Amino acid sequence: MFDPSMVPTPDPNPLPAPYWVFKLLLVVTFALHILAMNFMLGGALLALLARWRQKGSQFGTRIFYDVAKKVPVMMAATISLGIAPLLFVQVLYGQFFYTSSILVAWPWFLVLVLVVCAYYGFYFVSYQGQRRHQAVGRVMLFSTTLVLIIGFIYTNNLTLSQVPANWAQKYFSSTSGWGLNLAEPTLVPRYLHFMTAAVAVGGLYLVLIAWSKWKQDQQYARAIFQLGGKAFLYATMSQFVIGFWFLFSLPKALRMIFLGADSLATSLLCFGLVAALVSIFMMSAALKKDNIRLAALGVTSVTALDVLTMSTMRELLRMAYLKPYYNPQQFAVQTQWSPFLIFLVLFVAGVAFWFVMLKRYGLFSKTKAAQQ
Ligand code: HEM
């Protein structure tokens, strides 16, 4: 029988802001991180699909290079927006997160190497001029595979951080630090849930790109819209299978928080499912009626809300997992408002700066032109 007192004690340093502030920031910054990751990974996968499906045709190659050019920027956003939740998760769950990171030490270290290699490959593809290297498709596929592996390592570490009762057995069965959390029943559905979401949101990214080009080059924009919109549709529809697989892979007591035992978690799940359904109907209508505005504005807003809802559910699930070992009252709080305000101002300015950069990239800048 596992003794909860074996879990390391939290850092005795007081929190510099109230607990709920960190919790809120963790959820919001995680949602931003995952959105950027989805743009990057989903964009890369769909660029590869465009190249593979329409090899040799004018649009397949054009879509590939158009999207591939934007992938390094989204990679940078993923990394920068990953640092914020990394800080908050260490503050709130350091004793769990550090322990699991030690247990999967080598794959965890490997993330840095994989990020650098993937980044290099993405840059290689995006900097191709008129004379394009033959291996461009293979390099893109290689980098995208590395990113898929990075996501898998994250899911391994984070699932392990939530089950302290499995740590000792895992450690004593092999002290090499190479072991992943492969025996975890939620691992595969959870990972697939994230990766399928990346394809859906990557599809939305393509819709936004199509929207920005709608007026100048409608035939080409329509091809991107069809590819992105359909990817969004099929990926979101398949989430109804993968999501329920994930839900039913959870231990019963934890699953029940979403099925009536906890009113907030249950309401969020219902809202998330309805939002997904609404986005499917909206996207399907938009594709049928060739209504780029409905897809770019309507579906994006509903999906952004859905990602925030699911990020909150993920946090509630973590709290349910850690309930026997975690007591937020344990934290001493000594609020330091001035550094916190500086952080907040810089954070908001940083996010605003990203929007300016995206605008310069051609997104969000042709609102009037896109009206039908
Ligand atoms: C570049 C490729 C990356 C991919 C594909 C990726 C993907 C993911 C995924 C799928 C998760 C959720 C795992 C789960 O809950 O099961 C996650 C969580 C997280 N990622 Fe990333 N990530 C990447 C890079 C990074 C980097 C470079 C950082 C840090 C600088 C980072 C910071 C985080 C943090 C802190 C969490 C957990 C937040 C929490 O538990 O609330 N990620 N990432």
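This is a predicted model, so every value here is computed, not measured. As the structure lists them, so they are numbered: ligands from 1, and atoms in each ligand from 1. Residue numbers count from 1 along this sequence.
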Flag the pair Tyr154 / Trp108 as yes when their ring centroid distance falls below 6.0 Å, and as no otherwise.
-> yes
Would you mind writing out the side-chain donor-acceptor pairs for residues 267-285 within the sub-3.5 Å range, not counting sequence neighbours?
unit_1, atom_1, unit_2, atom_2, d
Ser267, OG, Ser263, O, 2.5
Ser279, OG, Ala275, O, 3.4
Ser279, OG, Ala276, O, 2.7

Only one of Val21, Leu86, Val89 clears side-chain contact (heavy atoms from CB on, under 4.5 Å) with Leu26; which?
-> Val89
Aromatic plane relationship, Phe340 with Trp337 - under 30° parallel, 30 to 60° tilted, over 60° perpendicular | perpendicular
Ring geometry between Trp214 and Phe225 (parallel below 30°, tilted from 30 to 60°, perpendicular above 60°) = perpendicular
With under 30° as parallel and over 60° as perpendicular, where do the rings of Phe96 and Trp167 fit, or are they tilted in between?
-> tilted
Ile34 near ligand 1, heavy-atom distance under 4.0 Å?
-> yes
Nearest protein heavy atom to atom 34 (C) of ligand 1, by residue and atom, and its distance?
-> Tyr154 CE2, 4.1 Å
Classify the contact between Val147 and ligand 1 as side chain, backbone, both or neither, using a heavy-atom distance cut-off of under 4.0 Å.
-> both
At a 4.0 Å cut-off, with the gap strictly under it, does some heavy atom of Glu315 reach an atom of ligand 1?
-> no
Ile342: hydrophobic cluster co-members (side-chain, 4.5 Å) | Leu346
Closest to atom 4 (C) of ligand 1 among protein heavy atoms sits Met37 CG, 3.7 Å
Numbering the atoms of ligand 1 from 1, which are under 4.0 Å from a heavy atom of Val89?
-> 39 (C), 40 (O)
Atom indices of ligand 1, in the order listed, that fall short of 4.0 Å to a heavy atom of Leu86 | 35 (C)
Are the aromatic ring centres of Tyr127 and Tyr123 under 6.0 angstrom apart?
-> yes
Atom 43 (N) of ligand 1: the protein heavy-atom neighbour that sits closest, reported with distance to 0.1 Å | His33 NE2, 3.2 Å
Quick one: nearest non-hydrogen protein atom to atom 41 (O) of ligand 1, plus distance?
-> Arg318 NH2, 2.8 Å
Please state which protein non-hydrogen atom is closest to atom 12 (C) of ligand 1 and give its distance, to 0.1 Å?
-> Phe194 CZ, 3.5 Å
Are any of the N or O atoms of Thr155 closer than 3.5 Å to those of ligand 1?
-> yes
Return yes when Leu41 approaches ligand 1 closer than 4.0 angstrom through a heavy atom, no otherwise.
-> no
Counting heavy atoms only, which part of Ile83 comes closer than 4.0 Å to ligand 1: side chain, backbone, both or neither?
-> both
Heavy-atom neighbours of Gln330 CD exceed 12 at 6.0 Å = yes
Heavy-atom distance to atom 1 (C) of ligand 1: which of Met40, Gln162, His193 wins?
-> Met40
For the pair His193 and Phe246, name the ring-plane relationship: parallel under 30°, tilted 30 to 60°, perpendicular over 60°.
-> tilted
Show which atoms of ligand 1 fall inside a sub-4.0 Å distance from at least one heavy-atom site of Leu158.
-> 13 (C), 14 (C), 15 (O), 18 (C), 37 (C), 40 (O)
For atom 38 (C) of ligand 1, grab the closest protein heavy atom and report residue, atom and distance to one decimal in Å.
-> Phe30 CD1, 3.6 Å
To which protein heavy atom is atom 32 (C) of ligand 1 closest, and what is the distance rounded to 0.1 Å?
-> Gly82 O, 3.4 Å
Protein contact to atom 2 (C) of ligand 1 [nearest heavy atom, distance to 0.1 Å] = Ile150 CG2, 3.7 Å
Quick one: which ligand 1 atoms are inside 4.0 Å of a heavy atom on Arg190?
-> 14 (C), 15 (O), 16 (O)
Would one find more than 12 heavy atoms of other residues, nucleotides or ligands at under 6.0 Å from atom OH of Tyr234?
-> no
Residues Tyr19 and Lys23: side-chain donor-acceptor under 3.5 angstrom | yes
